[in-house]
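Input: a single structure, listed below in structure tokens.
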Amino acid sequence: MNKRSVYVVDDEEPIRRALKIMLAVSGYSVSVFESGASLLNVAHSLVPGTVLLDVRMPDMDGVEVQARLAAGGIDFPVVVMTGHGDFSLSVSALQQGAVAFLEKPFSKDALVRALDTAFLKLEAPDEYAGRVAAATQAVATLGPEDRALLANLAEGWSSEKVAEELQISLAAAEMRCRRLYAELGADNLNDALRAAYAAGLTRGSYEGDYLKTPLR
């Protein structure tokens, strides 16, 4: 059985080296690239796999690399890696079709979970599409407060922003978000945001009142 291929794109050599070791030990076939351009130059010759893509790099950021892959007809699932404070870039990547984002530093378990989702899209597209359809249906059943919260998360609100807007503690905001995930049957923010984008839910498309008063 051929190993699953992962293409790591990161401008920092220590991170490339660490990820190559971690992924190889986990049974993946790993290729590393120091820039988006170096990946794009050979992308058409690569066997199908998942791109593990740093979102903030010099010359060409991860969101642009992702867009160029798509424009070139290279439909490899993308998992983006971000640093603290790059949440808006993560959202942009997810809006463009990335399957997940990981905030550095991340655990091996978190990485493998994200890659499992990516390879499901690559290897079992019907099953992946079924999950997307189920997520869309789950969004349709949300109450107005949950829809408002999800719409704002889909536009890049962090838990800190939710706490600030609602004038509640960060712990209370995180609890509120976890309750939303449970309503969606989502395990984490990645899953919740994929559901939102699949359902076309954004602030611009949502006509209800936003989070102007504390949620119950």
inquiry  = Do Phe76 and Leu46 make a side-chain contact, defined as non-hydrogen atoms from C-beta onward lying under 4.5 Å apart?
reply    = yes

ask   = Looking only at heavy atoms, which two atoms of Ala118 and Pro77 are closest? And how far apart?
value = O-CG, 3.3 Å

ask   = From Met81 CE over to Glu103 CD, what is the distance, rounded to the nearest 0.5 angstrom?
value = 13.0 Å

query = Are any non-hydrogen side-chain atoms of Leu111 and Leu102 less than 4.5 angstrom apart?
reply = yes

inquiry  = Would you compute the distance between atom CG of Leu166 and atom NZ of Lys161 and round it to the nearest 0.5 angstrom?
reply    = 10.5 Å

key: Cluster link Val6 to Ile15, ILVMFWY, side chain under 4.5 Å   = yes

ask   = Does the side chain of Arg16 reach to within under 4.5 Å of the side chain of Phe33, using non-hydrogen atoms?
value = no

query = Rest of the hydrophobic cluster containing Val25 (Ile/Leu/Val/Met/Phe/Trp/Tyr, side-chain heavy atoms under 4.5 Å)?
reply = Ile21

request  = Could you pull out the closest heavy-atom pair between Val63 and Ala93, with the gap in Å?
outcome  = CG2-N, 4.3 Å

task = Working to the nearest 0.5 Å, report the span between SG of Cys177 and CG of Leu153.
result = 5.0 Å

key: Any pair counted as salt bridge (Lys or Arg N to Asp or Glu O under 4.0 Å), so long as it reaches residues 27-55, sequence neighbours left out   = Asp54-Lys104

query = Which is it for Leu94 and Asn190 under the side chain to side chain contact (heavy atoms under 4.5 Å, CB included) test, yes or no, and what are the steps along the way?
reply = CA-CA 8 Å; Leu94 290 173; Asn190 273 313; 4.1 Å; yes

Donor-acceptor list for residues 132-143 side chains, cut-off 3.5 Å, not counting sequence neighbours:
{"residue": "Thr136", "atom": "OG1", "partner": "Val132", "partner atom": "O", "Å": "3.0"}
{"residue": "Thr141", "atom": "OG1", "partner": "Ala138", "partner atom": "O", "Å": "2.8"}

ask   = Ignoring hydrogens and geometry, is there a side-chain-to-backbone donor-acceptor pair from Tyr181 to Ala192 under 3.5 Å?
value = no

query = Do Tyr7 and Val42 share a hydrophobic cluster (ILVMFWY, side-chain heavy atoms under 4.5 Å, transitive)?
reply = yes

remark   = Separation between OG (Ser159) and CG (Leu189), nearest 0.5 Å, reads 7.5 Å

request  = Please examine the side chains of Leu40 and Leu69, heavy atoms only from C-beta on, and report whether any two atoms are closer than 4.5 Å.
outcome  = yes

message = As a quick check of understanding, evaluate salt bridge (charged side-chain N to carboxylate O under 4.0 Å, His left out) for Glu183 and Arg179, giving each step before the final call.
response = CA-CA 6 Å; Glu183 288 290 325; Arg179 196 179 87 186; 5.7 Å; no

query = How about Leu115 and Tyr28: do any of their side-chain heavy atoms sit closer than 4.5 Å?
reply = yes

task = Would you sort out whether Val65 and Leu53 count as a side chain to side chain contact (heavy atoms under 4.5 Å, CB included), showing the intermediate values?
result = CA-CA 9 Å; Val65 174; Leu53 180 63; 4.0 Å; yes

request  = Give a yes or no on whether Lys20 atom NZ has more than 12 heavy-atom contacts from other residues, nucleotides or ligands under 6.0 Å away.
outcome  = no

remark   = Taken in chain and number order and not counting sequence neighbours, the residues that satisfy side chain to side chain contact (heavy atoms under 4.5 Å, CB included) with Glu64 are Met60, Asp61, Arg68

inquiry  = Arg4 vs Glu123, test: salt bridge (charged side-chain N to carboxylate O under 4.0 Å, His left out). Steps then yes/no.
reply    = CA-CA 10 Å; Arg4 289 170 161 178; Glu123 298 167 352; 2.9 Å; yes

inquiry  = Show, in sequence, the C-alpha distance, side-chain angles and deciding distance for Val51 and Val79, and conclude whether the side chain to side chain contact (heavy atoms under 4.5 Å, CB included) test is met.
reply    = CA-CA 6 Å; Val51 179; Val79 174; over 6 Å; no

message = When you compare the side chain of Arg176 with that of Asp146, does any pair of heavy atoms fall below 4.5 Å?
response = yes

query = Taking all atoms of both residues into account, what is the closest heavy-atom pair of Leu122 and Pro48, and its distance?
reply = CD2-C, 4.0 Å

remark   = The complete set of ring pair (Phe, Tyr, Trp, His ring centres under 6.0 Å) pairs with one or both residues in residues 93-116, sequence neighbours excluded, reads Phe87-Phe101

request  = Indicate, with yes or no, if Ile74 and Phe119 share a hydrophobic cluster defined by side-chain heavy-atom contacts under 4.5 Å among Ile, Leu, Val, Met, Phe, Trp and Tyr.
outcome  = no

remark   = Taken to the nearest 0.5 Å, the spacing of Gln96 CD from Gln66 CD works out to 4.5 Å

inquiry  = I need the minimum non-hydrogen distance between Ser38 and Ser35, along with the two atoms involved.
reply    = OG-O, 2.7 Å

key: Val91 side chain reached by Glu155 side chain, heavy atoms, under 4.5 Å   = no

ask   = Are the side chains of Val30 and Val8 in touch, meaning some heavy atoms are under 4.5 Å apart?
value = yes

key: Leu52 and Leu23: CA distance, side-chain angles, deciding distance, side chain to side chain contact (heavy atoms under 4.5 Å, CB included) verdict   = CA-CA 11 Å; Leu52 187 57; Leu23 289 165; 4.2 Å; yes

Considering all heavy atoms, the nearest Ser107-Ala110 contact = OG-N, 3.1 Å

request  = Go through Arg194 and Asp191 one step at a time and tell me if the salt bridge (charged side-chain N to carboxylate O under 4.0 Å, His left out) criterion holds.
outcome  = CA-CA 5 Å; Arg194 280 199 304 273; Asp191 294 343; 2.3 Å; yes

Single-linkage hydrophobic cluster Val80~Leu193, side-chain heavy atoms < 4.5 angstrom = yes

task = Would you please name every residue forming a side-chain hydrogen bond (donor to acceptor under 3.5 Å, both in side chains) with Ser29, sequence neighbours left out?
result = none

request  = State plainly whether one hydrophobic cluster holds both Tyr197 and Leu150, where clusters connect Ile, Leu, Val, Met, Phe, Trp and Tyr through side-chain heavy atoms under 4.5 angstrom apart.
outcome  = yes

Approximate separation, where rounding is to 0.5 Å, of Arg131 CZ and Asp126 CG = 13.0 Å

task = Grab the two heavy atoms, one from Val47 and one from Ser5, that are nearest each other, plus how far apart they are.
result = CG2-OG, 3.4 Å

